[in-house]
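Per chain, numbering begins at 1; letters A, B, ... match sequence-line order. What you see is a predicted model, and the numbers here were worked out from it, not measured in a lab.
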Number of protein chains: 2
Amino acid sequence: MLKESFNQYSFILDKTAKRVKQFAQNSFSAQGIDLTVDQWSVLKTLYEFPLLTHKELADKCGKDQPTLTRMVDLLLKKGYMKRVEHPSDRRCLHLQLTDLGGSKVQALAPLVKDFRMRAWENLSQEDFEHFTRILNTIYNNLETK
Amino acid sequence: MLKESFNQYSFILDKTAKRVKQFAQNSFSAQGIDLTVDQWSVLKTLYEFPLLTHKELADKCGKDQPTLTRMVDLLLKKGYMKRVEHPSDRRCLHLQLTDLGGSKVQALAPLVKDFRMRAWENLSQEDFEHFTRILNTIYNNLETK
DNA sequence: TAACAATTATTAGTATAACAAGTAAATCTA
DNA sequence: TAGATTTACTTGTTATACTAATAATTGTTA
């Protein structure tokens with residue numbers, strides 16, 4: 001049914017994801033922001049879900065646990081988040097943004113809004129819906145379980 | 001116009017690109033294939049464009065030159081490609097697949113076809129066209145020059 | 001209850017790729 | 001011819017992914 005090869009989508013997908021990340025990273029660097037895009041995504045996720053365990057945050061960010069642990073170590077060193085005891089399960093640690101972390105996320109909001117505007121020029125709300133639907137479908141199709 | 005934040009697309013984009021890559025990588029590993037997905041994309045590109053310089057190949061693959069040089073070193077060590085003198089410009093080197101490299105790409109074709117089928121379940125040819133159009137638009141919108 | 005299994009976070013080691021800065025050779029240009 | 005540009009390479013650093021193993025805790029079941 002589909003004539004084109006894997007290339008014709010995986011290359012485009014990969015190239016575009018990489019360019020978005022690079023563009024964001026360059027904007028961060030140009031503003032002197034001491035975060036990688038991935039680190040920002042961790043902070044942002046925690047901003048939206050203020051109290052998560054390592055495992056929950058890792059899942060939401062699509063990272064494995066060792067990777068997240070190292071990222072948290074870094075963000076902790078930078079003072080943007082903290083680890084807190086879990087009230088009922090002593091294996092777990094709850095993660096929280098510090099005030100500094102929260103205001104960092106807020107400070108980045110306008111910058112991030114600029115990416116969006118720039119990236120979505122010449123595209124419509126309908127395109128956005130296609131985009132999310134198609135990408136989510138691919139994502140779910142490749143569930144490994 | 002667009003209500004959602006950067007997250008609502010960059011997260012999905014990044015997550016999906018990562019999952020596609022992981023899925024491909026797992027399939028490669030399960031078949032005992034000694035290539036990363038990025039290495040495969042280099043070989044595949046060179047398969048389609050049989051005679052490229054470092055710079056041309058780097059551009060086509062979206063890699064910078066130092067990264068490509070190291071990847072070529074690796075692929076050369078594995079015997080999949082070779083460097084050849086450029087006939088008219090002695091600064092350049094032409095890159096070519098070896099016979100081994102060519103048959104490797106061919107051997108991977110059915111596997112790669114499986115990814116495509118799996119990823120695109122429940123999606124139409126029309127979706128594919130939306131997909132490529134939208135991603136290419138974003139890609140071009142973020143051109144840094 | 002005791003033994004075993006599963007879960008959570010961590011640690012360590014390795015590999016890949018991105019990025020930055022600089023070098024050398026060749027080519028182009030003014 | 002002198003200087004600028006291009007091409008490829010080298011080196012060093014960093015971020016992230018993956019694997020495997022460990023310790024502590026919790027859950028399960030015989």
Report summary line: Between CG of B:Leu68 and C1' of C:dA17 the distance, given in whole Å, is 12 Å
Query raised in the report: Just wondering, do B:Ile138 and A:Phe131 contact through their side chains at under 4.5 Å, heavy atoms?
Result: yes
Query raised in the report: Base, sugar-phosphate alone, or nothing: which one does A:Ser29 contact when heavy atoms must sit under 4.0 Å apart?
Result: nothing
Report summary line: To the nearest angstrom, the CZ-C1' distance between B:Phe28 and C:dT16 comes to 15 Å
Query raised in the report: OP1 or OP2 of D:dA17 less than 4.0 angstrom from a side-chain nitrogen or oxygen of A:Lys63, does that happen here?
Result: yes
Query - Whole-Å gap separating P (D:dT14) and CG (A:Leu75) - result: 16 Å
Query raised in the report: C:dT10 phosphate, OP1 or OP2: any side-chain N/O from A:Arg83 under 4.0 angstrom?
Result: yes
Report summary line: Of A:Met71 and B:Asp73, the one whose closest nucleotide on DNA chain D sits nearer the 5' end is B:Asp73
Query raised in the report: When the ring planes of A:His86 and A:His94 are compared, do they come out parallel, tilted or perpendicular, using 30° and 60° as the limits?
Result: tilted
**Report entry** Rounded distance in Å - CH2 (B:Trp40) to P (C:dT16)
**Finding:** 18 Å
Report task. Pick base, sugar-phosphate or nothing for B:Lys21, based on heavy-atom distances below 4.0 Å to the nucleic acid. Result -> nothing
Report summary line: Contacts of A:Asp38 and B:Thr53 projected onto DNA chain D by closest heavy atom; the upstream (5') one is B:Thr53
**Report entry** B:Asn136 side chain to B:Thr132 backbone, donor-acceptor under 3.5 Å
**Finding:** yes
Query raised in the report: Expressed in angstrom and rounded to an integer, what is the separation of A:Leu93 atom CG from C:dT8 atom P?
Result: 12 Å
Query - Side-chain donor/acceptor of A:Arg91 to base of C:dT7, under 3.5 Å - result: yes
Requested in this report: Could you tell me whether the phosphate oxygens of D:dA17, OP1 or OP2, come under 4.0 Å of any side-chain nitrogen or oxygen in B:Gln25?
Outcome: no
Query raised in the report: Is any side-chain nitrogen or oxygen of A:Gln39 closer than 4.0 Å to OP1 or OP2 of D:dT16?
Result: yes
Query raised in the report: Rounded to whole angstroms, how far apart are CD on B:Gln22 and C1' on C:dT16?
Result: 14 Å
Requested in this report: Establish whether the base of D:dT14 is bridged to the side chain of A:Arg70 by a donor-acceptor pair shorter than 3.5 Å.
Outcome: no
Query raised in the report: Counting N and O atoms only, with roles assigned by atom type, does the side chain of B:Lys78 sit under 3.5 Å from a partner on the main chain of B:Asp34, one being a donor and the other an acceptor?
Result: yes
**Report entry** Residue A:Thr69, side-chain heavy atoms: nucleotide from C:dA12, C:dA9, C:dT16 that is nearest
**Finding:** C:dA9
Query raised in the report: When we call it a touch if two heavy atoms are under 4.0 Å apart, what does B:Thr67 touch: a base, just sugar-phosphate, or nothing?
Result: base
Query raised in the report: Does A:Lys55 have a side-chain nitrogen or oxygen under 4.0 Å from the phosphate oxygens OP1 or OP2 of C:dT7?
Result: no
Requested in this report: Could you work out which one of D:dT26, C:dT11, D:dT16 sits closest to the side chain of A:Asp89?
Outcome: D:dT26
Query - Sugar-phosphate, base or nothing in reach of A:Thr36, heavy atoms under 4.0 Å - result: sugar-phosphate
Query - Main-chain N/O of A:Leu13 paired with A:Thr16 side-chain donor or acceptor, under 3.5 Å - result: no
Query raised in the report: Taking atom P of D:dA23 as reference, at what distance in whole Å does atom CZ of A:Arg90 sit?
Result: 18 Å
Report summary line: In whole angstroms, the gap separating P of D:dA17 from NZ of B:Lys15 amounts to 14 Å
Query raised in the report: Is the closest side-chain heavy-atom distance between B:Arg133 and A:Asp127 below 4.5 Å?
Result: yes
Query raised in the report: Do the side-chain N or O atoms of A:His54 get closer than 4.0 angstrom to the phosphate oxygens (OP1, OP2) of C:dT10?
Result: yes
Report task. Take B:Leu74 and A:Asn26, find for each the nucleotide of DNA chain C with the closest heavy atom, and name the residue whose nucleotide sits nearer the 5' end. Result -> B:Leu74
